[in-house]
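Read the structure below first, then the notes.
Numbering of ligands and ligand atoms starts at 1, following listing order.
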Amino acid sequence: MSSSRPTWVAGNWKMHGSLAGNAALVDAIQKGLKAGITGEIVLCAPFPYLDQVSRLLSGSMMTLGAQDVSQDAAGAFTGDVSAAMLADFGCRYVLVGHSERRRLHGETDEKVAEKFGAALSAGLRPVLCLGETLAERKAGQTEKIVIRQLEAVLTLYGAAAFQNAVLAYEPVWAIGTGRVATPEEAEAVHRLLRERVAMKDSSIAAELRIVYGGSVKADNASFLFAQPNIDGGLIGGASLEAKDFLAICHAANF
Ligand code: 13P
């Protein structure tokens, strides 16, 4: 972690939660956080719980995020949720291009880029998720894939768009598998991504938070976060248990 970039850790609850469970989880996390920390902790709740979690987080140092957003502003798009609606409910961040959306919902690089733009237009900070599959890694295509995913946004919106965004490197083979990337494997991709943004704007690249996701747990977080280009984490399974999530936050110096 670089001292100049504030640490960023988010819990992605995915399709988990209940009114009672969310209240207990947020309460336990709040109680376990130290006062006066710098950086940001974000909770990305499912859509129906955004209002509840927004209220639970009122007065807290944690902020609210959503897990997806429509690329459209309004209209006949049954089941979709616009960026302005997320902003209305107090969201500060929204994930775009999570591998589960790309894989299960056919989201293309172009669609993800449009979602990124829609989030920015509504004053939200997009968290651009990218990463290669195991087959792509084995075929030596990791660099090509993540650069393609990044370029889809960079070419459309330029480096300036990353002033208010976060990049999340999530190798698909590490998500929910217990098979975490080594700190060196993750760092190599993070460095590559930062260098690519720096080719357009070095000062924006230097400030850009690039976080790692994929089987981050209490026992591997500190090794990952010790890398110079890893600025925090996007946490799935371990964000559903206060004790585990807190241990990861503490590993990130929260
Ligand atoms: P896990 O931490 O469960 O591997 O999930 C990572 C993830 O997909 C976060 O967005």
For T133, check side chain to side chain donor-acceptor pair (under 3.5 Å) against everything at least two apart and list the hits.
-> E136

Please check if the distance between the ring centroids of F245 and W13 is under 6.0 Å.
-> no

Establish, yes or no, whether a centroid distance under 6.0 Å links the rings of F89 and Y49.
-> no

Residues which pass side-chain contact (heavy atoms from CB on, under 4.5 Å) with K217, listed by chain and number, not counting sequence neighbours | D219, N220, A238

Among residues two or more places apart or on two chains, list those pairs meeting salt bridge (Lys or Arg N to Asp or Glu O under 4.0 Å) that have a residue in residues 15-26.
-> none

Is Y157 linked to L167 within one hydrophobic cluster, defined over Ile, Leu, Val, Met, Phe, Trp and Tyr using a side-chain heavy-atom separation of less than 4.5 Å?
-> yes

Extract all N/O-N/O pairs under 3.5 Å that connect ligand 1 to the protein, and present each with both atom names and the distance rounded to 0.1 Å.
| residue | atom | partner | partner atom | Å |
| --- | --- | --- | --- | --- |
| ligand 1 | 2 (O) | G236 | N | 2.9 |
| ligand 1 | 3 (O) | G237 | N | 2.8 |
| ligand 1 | 4 (O) | G176 | N | 2.6 |
| ligand 1 | 4 (O) | S215 | N | 2.8 |
| ligand 1 | 5 (O) | K14 | NZ | 3.3 |
| ligand 1 | 8 (O) | K14 | NZ | 2.8 |
| ligand 1 | 8 (O) | H98 | NE2 | 2.8 |
| ligand 1 | 10 (O) | N12 | ND2 | 3.0 |
| ligand 1 | 10 (O) | H98 | NE2 | 2.9 |
| ligand 1 | 10 (O) | E170 | OE1 | 3.2 |
| ligand 1 | 10 (O) | E170 | OE2 | 2.9 |

